[in-house]
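Notes to accompany the following structure.
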Amino acid sequence: MELKKVNELFNDCYKLYKNFCQTDLTDNDLHEFIKASDLIHKKYNTKFSEAIVIAVIDEIDRKAKEKEGGYE
């Protein structure tokens, strides 16, 4: 993957994170989050993009559970 594409991937993942990191992830938000995550992965379609998108998903999930008191 060329450097320009990697930069675009990071920017897309940052926007995904930024848009959902402070929401309470209602059912509608969760649907939009999944849809946006899938679009990013399909756009780049590499193992690297999959790993980065999964890292963002995991972090959003961790933050949501932390807000609910699920992580200590």
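Between the CG atom of Asp61 and the CG atom of Leu25 there is a distance of 8.5 Å, given to the nearest 0.5 Å. Distance check, rounded to the nearest 0.5 Å: CD1 of Ile57 to CD of Glu50 gives 9.5 Å. To the nearest 0.5 angstrom, Glu32 atom CD is 9.5 Å from Thr26 atom OG1. For the atom pair NZ of Lys47 and CD1 of Ile52, the computed distance is 14.0 Å after rounding to the nearest 0.5 Å.
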Let me check something: any side-chain donor-acceptor pairs from residues 12-19 under 3.5 Å, sequence neighbours excluded? List them with distances.
from	atom 1	to	atom 2	distance (Å)
Asp12	OD2	Lys43	NZ	3.0
Asp12	OD2	Tyr44	OH	2.6
Asn19	ND2	Lys15	O	3.1

Counting only pairs under 3.5 Å, give me each side-chain donor-acceptor contact of residues 34-41, with atom names and distances, residues two or more places apart or in other chains.
from	atom 1	to	atom 2	distance (Å)
Ser37	OG	Phe33	O	2.8
Asp38	OD2	Lys42	NZ	3.1

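Residue Asn11 qualifies as enclosed at atom CG: its count of foreign heavy atoms under 6.0 Å is above 12.
Under the 4.5 Å side-chain heavy-atom criterion for Ile, Leu, Val, Met, Phe, Trp and Tyr, Leu9 and Ile54 are members of distinct hydrophobic clusters.
For the side-chain contact (heavy atoms from CB on, under 4.5 Å) test, residues two or more places apart in sequence or in another chain that qualify with Glu2 are Lys4, Lys5. With sequence neighbours excluded, the residues satisfying salt bridge (Lys or Arg N to Asp or Glu O under 4.0 Å) with Glu59 are Arg62.
Taking the side chain as every heavy atom from C-beta outward, Phe20 and Val56 never approach each other to under 4.5 Å.
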